[in-house]
Amino acid sequence: MTTLTQEPYEESAGRPVGYATHDVTNQPPPLAPYDASADTALLEGVRREGAGWAEEELRRLGLRAGSAQAQEWGDLANRHEPVLRTHDRYGNRIDEVEYHPSWHHLMRVAVGEGLAGSAWADDRPGAHVARTAGGLVWGHTEAGHGCPTSMTYAAVPALRAEPELAKVYEPLLTSREYEPGLRPPTGKRGLLAGMGMTEKQGGSDVRTNTTAATPTAESGMYTLRGHKWFTSAPMCDVFLVLAQAPGGLSCFLVPRVLPDGTRNTFRVQRLKDKLGNRSNASSEPEFDGTVAWLVGPEGQGVKTIIEMVNCTRLDCVMASATLMRKTLVEAGHHVRHRGAFGARLVDQPLMRNVLADLALESEAATTLTLRLAGAADRAVRGDAGEAAFRRIATAVGKYWVTKRGPAFTAEALECLGGNGYVEESGMPRHYREAPLLSIWEGSGNVNALDVLRALGRSPETAHALFGELALARGADARLDAAVARLESGLAEASETGARRLVELMALTLQGSLLVRHAPPAVADAFCASRLGGDWGHAFGTLPAGADLGGILERALPPRA
């Protein structure tokens, strides 16, 4: 019998030098370490939307996000998925989820950097913009742990509907201390919040919920009985939950641990086996005599919790824009170092067209995300016009930017060829993550119909949107023509055509922002392709006159 043996592994300064049959050539070096904040569109948007004071912190966070250590945390947190422990070794019900240490490392940085609820405790103008920008940067690590930080951020304004509860919990929800583990909430230095809205029979149609809320003798206290279908991050300390009270569908605060230290009934039946977002546990909890406190009036549950939904929808836009930027950076790094057919990929005309097209999409998504964050920040401070703009534009952005994510990540993956199709590259994880952001917090249809609802119930939202578009009037004929089409389309708005209408809203809004704030190379190519019709059905079909070099020089990080 012949025994096959591998040649000895030799190292020089920690790097392999060769194999028996071949040398490793024409492969890119590792991307990390890199600066995840090295994004001109991001930094310009942060300054423009009133958070320039946070730039130094963002740059520091960008270096940390792009470090080899943080990138490894993201990989490990997804390779070692959370595990549900329903009982302890003695048979006691505990309903705990165990995470890999890398999850806790990611969470500790995210909370400590103010990416959870701390913006609500920051009086500086632009605080909410700074938080969103931090998410755009730190999200280069991985997406799953953004779920509990997003829900914690979003829970604060909803909880304010019940001032006495807010007085107790808000200081802990806005803390920068990450303290995992189930203990009495008021005994911890910081809390995380989740939410439980959907049930198996209704999904987005939460008014069909059957979970029952029964009042107790104590004012404001109820007991819940029912089952939730999608409740993510079940190790959060408190949850905002919808249930049917005597007065109708209502919002409740459900703590995992009661003030006296006993475990509230929160039976986790199973964890979801999801397409992506694997680092984050999503669960089906059962309530049976579960203690809860009413938040807002009975029968006003949707109205109470909708502020939470508006915040998490913004974070869906942010996360999708982050995935676009992350995969663009990965693709750009690969093609700068990979050669084929006698030239570097980055220098080949068709690849440059693909990259430039992706870069346009990424910048449009990032710019819109920061504009939405600016509107949220100013709305919180009492600007009625910005509140109206936020009401419609967040739903528009949620629909469109998250819809673009899957096609974008697929194209970025393809830039790496077969190398991008293997798990080690990280690109398959990003690709699996992308569809989630269009589904969570209302699918595409739900958001498109929400736009129509806003137009019908709140006419000021249309005025705010067209007021924003008017700021770019006369700067580009293709944009002006698209806005005119949008005005005509509003008169014929219908449910059947809702997606088409909202798509045009998103493209005109992105176009107006780029015309006003981006260099001519970016604005002209965007308007020519997305609004002028000089574009194909796939990325990499920009018109012949597009300034590919100008777009790429702006979009790709500086060469190492």
ask   = Relative to the ring of Trp103, is the ring of Tyr99 parallel (under 30°), tilted (30 to 60°) or perpendicular (over 60°)?
value = parallel
query = Backbone N or O of Cys147 within a donor-acceptor pair of the Asn280 side chain at under 3.5 Å?
reply = no
query = Between Tyr34 and His333, does the ring centre distance come in under 6.0 Å?
reply = no
query = Does the Ser438 side chain pair with the main chain of Pro435, one donor and one acceptor, at a distance under 3.5 Å?
reply = no
ask   = Given Asp39 and Arg554, is the salt bridge (Lys or Arg N to Asp or Glu O under 4.0 Å) satisfied, shown in steps?
value = CA-CA 8 Å; Asp39 180 357; Arg554 174 176 172 83; over 6 Å; no
inquiry  = Strictly distance-based, threshold 3.5 Å: is any side-chain N or O of Lys403 a donor or acceptor partner for the main-chain N or O of Lys398?
reply    = no
key: N/O donor-acceptor pair under 3.5 Å between Thr141 side chain and Gln71 backbone   = no
Test side-chain hydrogen bond (donor to acceptor under 3.5 Å, both in side chains) applied to Asn78 and Glu142, Arg278, His100, the passing residue = Glu142
Within 45° cone of Tyr153 ring axis and under 6.0 Å: Arg131 NZ or CZ = yes
query = Ignoring hydrogens and geometry, is there a side-chain-to-backbone donor-acceptor pair from Thr327 to Met324 under 3.5 Å?
reply = yes
request  = Please confirm whether the backbone N or O of Arg313 pairs with a side-chain atom of Glu441, one donor and one acceptor, at under 3.5 Å?
outcome  = no
request  = Mark yes or no for whether Ser175, through its side chain, and Pro171, through its backbone, hold a donor-acceptor pair below 3.5 Å.
outcome  = no
